[in-house]
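For clarity, every value in this text was computed on a predicted model and none was experimentally measured. Heavy-atom basis, side chains included; hydrogens, waters and symmetry copies ignored.
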Amino acid sequence: MPEHLKASKGNLLIAEPFLGDPNFERGAVLLCEYDDQGAFGFVVNQKTGLNIDDVLEETIYQEIPLFVGGPVEKNVLHFIHCRPDLVNGGSLISDNIYWGGEFREVVNLLNIHKLTQEDIRFFIGYSGWTAGQLERELEQKSWIISRTTADFLFSTPSEKFWREALRLMGGNYRSIANYPTDPRLN
């Protein structure tokens, strides 16, 4: 069983199986900022059914899925990536995971196929917590904290992400990964 982790920038918050909040059901949130003022991140495994091209004026010549980053400010577009060698201006979240950067550069890199969906993830909205709010949710055991890597984050299919993140943690988390969505159906 992994050592007890504390919430910190770059960690995943994995929704407890029976959280009961439709915004985070079977969700995993990448924490991008965490301090005494609060926290913010992106749900990394909830696709919208749209591609990034559907919400931009610019044409993108690849099918790059758009994700729901969370319930806050769903009219704002964000992105994370693992290519600081190509995308300038991003902020380091954790080992080889960056938030934001030069957007025009990203559009050009996508259109010449130097960036692919294995390098970048786009979100509408974000997940946010005020000072003390996330700590209260953690005390209520609403979230399981895990580490992640850029490789896992960008290459694991969204529909398998929640289960795979728990399985990788080992121990009791492997059995939690198999809990049914609705326990009445068990």
Side-chain angles (χ1 to χ4, degrees), residues 5-15 23-24 27-48 50-58 60 62 64-135 137-138 143-156 158 161-162 164-165 168:
L5 293 175
K6 294 188 182 238
S8 64
K9 181 178 175 178
N11 281 349
L12 284 178
L13 298 176
I14 302 169
N23 292 305
F24 300 107
V29 177
L30 174 68
L31 279 178
C32 299
E33 290 292 334
Y34 181 74
D35 59 29
D36 58 358
Q37 301 300 306
F40 111 94
F42 303 111
V43 179
V44 294
N45 63 327
Q46 290 183 358
K47 285 185 181 179
T48 64
L50 299 172
N51 288 319
I52 189 65
D53 189 54
D54 296 327
V55 298
L56 294 178
E57 290 180 13
E58 296 90 343
I60 305 293
Q62 293 187 60
I64 305 291
L66 181 62
F67 290 78
V68 176
V72 183
E73 292 188 17
K74 286 190 171 183
N75 60 337
V76 178
L77 183 68
H78 298 273
F79 64 93
I80 59 172
H81 64 90
C82 62
R83 295 302 304 267
D85 57 317
L86 296 174
V87 179
N88 292 309
S91 298
L92 180 65
I93 296 171
S94 67
D95 190 34
N96 206 36
I97 303 171
Y98 293 79
W99 167 43
E102 296 295 326
F103 187 73
R104 296 272 171 238
E105 197 172 60
V106 167
V107 169
N108 290 335
L109 291 166
L110 286 169
N111 283 336
I112 62 172
H113 296 271
K114 283 212 171 194
L115 279 178
T116 68
Q117 65 179 323
E118 286 79 29
D119 301 318
I120 195 163
R121 196 161 282 188
F122 290 91
F123 305 94
I124 53 170
Y126 66 91
S127 302
W129 294 264
T130 58
Q133 183 181 6
L134 181 56
E135 290 80 4
E137 290 181 17
L138 290 168
W143 300 101
I144 299 164
I145 302 169
S146 177
R147 290 194 173 97
T148 193
T149 64
D151 183 53
F152 181 79
L153 185 67
F154 291 101
S155 66
T156 305
S158 60
F161 196 95
W162 184 84
E164 290 302 315
L168 283 175

Here's a test for you: under ring pair (Phe, Tyr, Trp, His ring centres under 6.0 Å), which of Y98, F103, F154 qualifies with H81? Y98
Just one of Y126, F79, F67, F123 clears the ring pair (Phe, Tyr, Trp, His ring centres under 6.0 Å) bar with F42, so which one? F123
Would you say [X]'s side chain and [Y]'s backbone share a donor-acceptor pair under 3.5 angstrom?
X: Q46; Y: G70; value: no
X: D35; Y: Q37; value: yes
X: W162; Y: A15; value: yes
X: E164; Y: F152; value: no
X: D119; Y: T116; value: yes

Could you give the distance from [atom1] ([X]) to [atom2] ([Y]), rounded to the nearest 0.5 Å?
X: K74; Y: T48; atom1: NZ; atom2: OG1; value: 10.0 Å
X: T148; Y: D95; atom1: OG1; atom2: CG; value: 11.0 Å
X: K47; Y: F161; atom1: NZ; atom2: CZ; value: 12.5 Å
X: I93; Y: L30; atom1: CD1; atom2: CG; value: 5.0 Å
X: L50; Y: F122; atom1: CG; atom2: CZ; value: 13.5 Å
X: E58; Y: I60; atom1: CD; atom2: CD1; value: 6.5 Å

Which atom pair, heavy atoms only, marks the closest approach of [X] to [Y]?
X: L134; Y: A7; answer: CD2-CB, 4.4 Å
X: A28; Y: L12; answer: CB-CD2, 4.5 Å
X: K9; Y: E33; answer: NZ-OE2, 3.8 Å
X: I14; Y: A165; answer: CD1-CB, 3.7 Å
X: N88; Y: E105; answer: N-OE1, 2.7 Å
X: F24; Y: P71; answer: CZ-CD, 3.9 Å

Please test L110 against I120 for side-chain contact (heavy atoms from CB on, under 4.5 Å), starting from the C-alpha separation and ending with a verdict. CA-CA 9 Å; L110 286 169; I120 195 163; 4.1 Å; yes
Working note: N108 + I112, criterion side-chain contact (heavy atoms from CB on, under 4.5 Å); need CA distance, chi angles, decisive distance, verdict. CA-CA 6 Å; N108 290 335; I112 62 172; 5.8 Å; no
Using side-chain contact (heavy atoms from CB on, under 4.5 Å), reason through I124 and V76 one step at a time and then give a plain yes or no. CA-CA 6 Å; I124 53 170; V76 178; over 6 Å; no
Beyond-backbone contact of [X] with [Y], side-chain heavy atoms, under 4.5 angstrom:
X: T156; Y: N45; value: no
X: I145; Y: L138; value: yes
X: N96; Y: P84; value: yes

Please determine whether side-chain contact (heavy atoms from CB on, under 4.5 Å) holds for the pair L115 and I64, giving the CA-CA distance in whole Å, both sets of side-chain angles, and the decisive distance to 0.1 Å. CA-CA 10 Å; L115 279 178; I64 305 291; over 6 Å; no
